[in-house]
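Protein chains get the first letters and strands the later ones, always in sequence-line order, with residue 1 at the start of each.
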There are 2 protein chains.
Amino acid sequence: MTAATGLSDSPLRSLLGYRLRRAWIGIRADLAETLRPLDLRMLTYTALVLIEANPGLSQARLAGLMTVERPNVVAIVDELARRGLVCRRRDPGDRRAYALDLTPRGRALSRAATEAVERHEARLFGALSAAERRAIDAALERLSERL
Amino acid sequence: MTAATGLSDSPLRSLLGYRLRRAWIGIRADLAETLRPLDLRMLTYTALVLIEANPGLSQARLAGLMTVERPNVVAIVDELARRGLVCRRRDPGDRRAYALDLTPRGRALSRAATEAVERHEARLFGALSAAERRAIDAALERLSERL
DNA sequence: TATTGTTATACTCTATAACTATA
DNA sequence: TATAGTTATAGAGTATAACAATA
């Protein structure tokens with residue numbers, strides 16, 4: 001019962017999926033706000049960080065890391081490359097694939113964005129106790145096994 | 001480090017938002033599969049259950065419960081009404097508003113869908129211990145306060 | 001045959017501005 | 001003036017099929 005309105009979402013409140021959705025909507029909106037001043041979205045930020053951590057990464061492997069289908073990576077890398085943040089080289093060992101790397105500008109933006117994202121995480125999740133945090137991590141780990 | 005591939009998503013694994021996104025993608029896909037045979041989507045199912053729990057609900061209040069903007073509720077209720085699952089009556093006390101209710105067919109579908117969704121939840125979240133479940137509930141509650 | 005990047009395409013979800021009719 | 005429902009529209013994320021080049 002949402003006390004103020006007298007409305008009931010009780011049949012859904014027992015569903016973890018329903019509550020995760022509500023949380024995710026809020027988190028996503030706050031993350032979008034956090035990244036907007038840097039002209040990044042959730043997915044372009046994620047790609048930036050993953051390419052930095054995996055020099056020479058291919059788009060197919062990037063898609064795997066991002067949990068996104070391969071076709072959706074194309075526009076993301078297009079945008080990052082157009083802005084001079086990522087450079088696409090042909091992989092010498094496999095001429096079908098690209099070897100993706102960050103440019104110096106890409107590394108600088110990655111650093112600035114990561115600082116902003118860490119502030120965002122602290123703002124949202126800072127109130128969680130260490131025990132709560134561990135419990136969530138464990139639960140998400142368990143969940144991943146079933147998906 | 002994802003051992004099999006040698007790829008690293010470590011810079012993101014410390015971000016709760018990143019892990020929640022991955023979990024949510026999987027949960028959503030499984031939920032969509034669960035509801036597809038019943039010709040329901042996440043949002044139409046949610047609306048169905050909330051209308052059942054709140055007879056005479058208006059679309060604006062439904063939007064509030066669903067964490068969706070009012071315009072997005074229109075197509076959802078349109079679809080449910082067209083299929084004879086929900087009936088729209090004018091609210092006698094406020095002729096701007098609708099009073100939404102389930103039809104008998106809507107109630108039957110709600111019941112069948114809820115059974116399917118409960119099996120889906122049990123399949124995905126059944127492995128969580130009671131303590132983990134409580135920790136997640138508490139953490140999501142805390143999180144909601146900050147959003 | 002299988003895989004990489006690609007194009008085209010579509011669906012779902014979410015969001016905003018502006019209109020109408022009531023209040 | 002404010003609210004309920006609506007229209008139109010847009011953006012973001014996610015998904016599938018099919019094709020050319022390469023393996």
Would A/R142 and A/E145 count as a salt bridge (charged side-chain N to carboxylate O under 4.0 Å, His left out) here? Give the steps.
CA-CA 5 Å; A/R142 285 278 207 89; A/E145 299 163 12; 5.4 Å; no
Nearest-Å distance, [atom1] ([X]) to [atom2] ([N])?
X	N	atom1	atom2	result
A/I27	C/dT14	CD1	P	13 Å
A/R90	C/dT3	CZ	P	18 Å
B/M66	C/dC13	CE	C1'	10 Å
A/R36	D/dG11	CZ	P	12 Å
B/I76	C/dC11	CD1	P	16 Å
A/L43	D/dG11	CG	P	16 Å
A/R70	D/dA15	CZ	C1'	11 Å
B/L20	D/dG13	CG	P	16 Å

May I ask you to verify if any side-chain N or O of [X] is less than 4.0 angstrom from the OP1 or OP2 atom of [N]?
X	N	value
A/R41	D/dG13	yes
B/R95	C/dA23	yes
B/Q59	D/dT3	no

Less than 4.5 Å apart, any side-chain heavy atom of A/V86 and any of A/T103?
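A side-chain contact is absent here, since even the closest heavy-atom pair is not under 4.5 Å.
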For a 4.5 angstrom cut-off between non-hydrogen side-chain atoms, does B/R21 reach A/I27?
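No, their side chains stay 4.5 Å or more apart.
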Out of [options], whichever nucleotide has its closest atom nearest the side chain of [X]:
X	options	result
B/P71	C/dT12, C/dA17, D/dG5	C/dA17
A/D94	C/dA15, D/dA15, D/dA23	D/dA23
A/A97	D/dT14, C/dG5, C/dT14	C/dG5
B/R21	D/dT14, D/dA12, C/dT14	D/dT14

Please confirm whether any donor atom in the side chain of A/R96 sits under 3.5 Å from an acceptor in the base of C/dT3, or the reverse.
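Indeed there is one.
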Do B/I136 and B/F125 pass the side-chain contact (heavy atoms from CB on, under 4.5 Å) test, and can you show the C-alpha distance, the side-chain angles, and the key distance before you say yes or no?
CA-CA 11 Å; B/I136 287 210; B/F125 308 130; over 6 Å; no
Using a 6.0 Å cut-off, check whether atom CZ of B/R90 has over 12 heavy atoms from anything other than its own residue.
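Yes, the 6.0 Å shell around CZ holds more than 12 heavy atoms from other groups.
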Need to verify one output field. Residue with the more 5' nearest nucleotide on DNA chain D, A/G93 or A/W24?
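Result: A/W24.
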Taking the nucleotide of DNA chain D with the closest heavy atom to each, which residue, B/N72 or B/L57, is nearer the 5' end?
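Its nucleotide being nearer the 5' end, the pick is B/L57.
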Would you indicate what [X] reaches in the nucleic acid, counting non-hydrogen atoms under 4.0 angstrom: base, sugar-phosphate, or nothing?
X	value
A/R88	sugar-phosphate
B/D91	nothing
A/E69	base

Can B/Y18 be reached from B/I25 by stepping across I, L, V, M, F, W or Y side chains whose heavy atoms are under 4.5 Å apart?
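No, no single cluster joins them.
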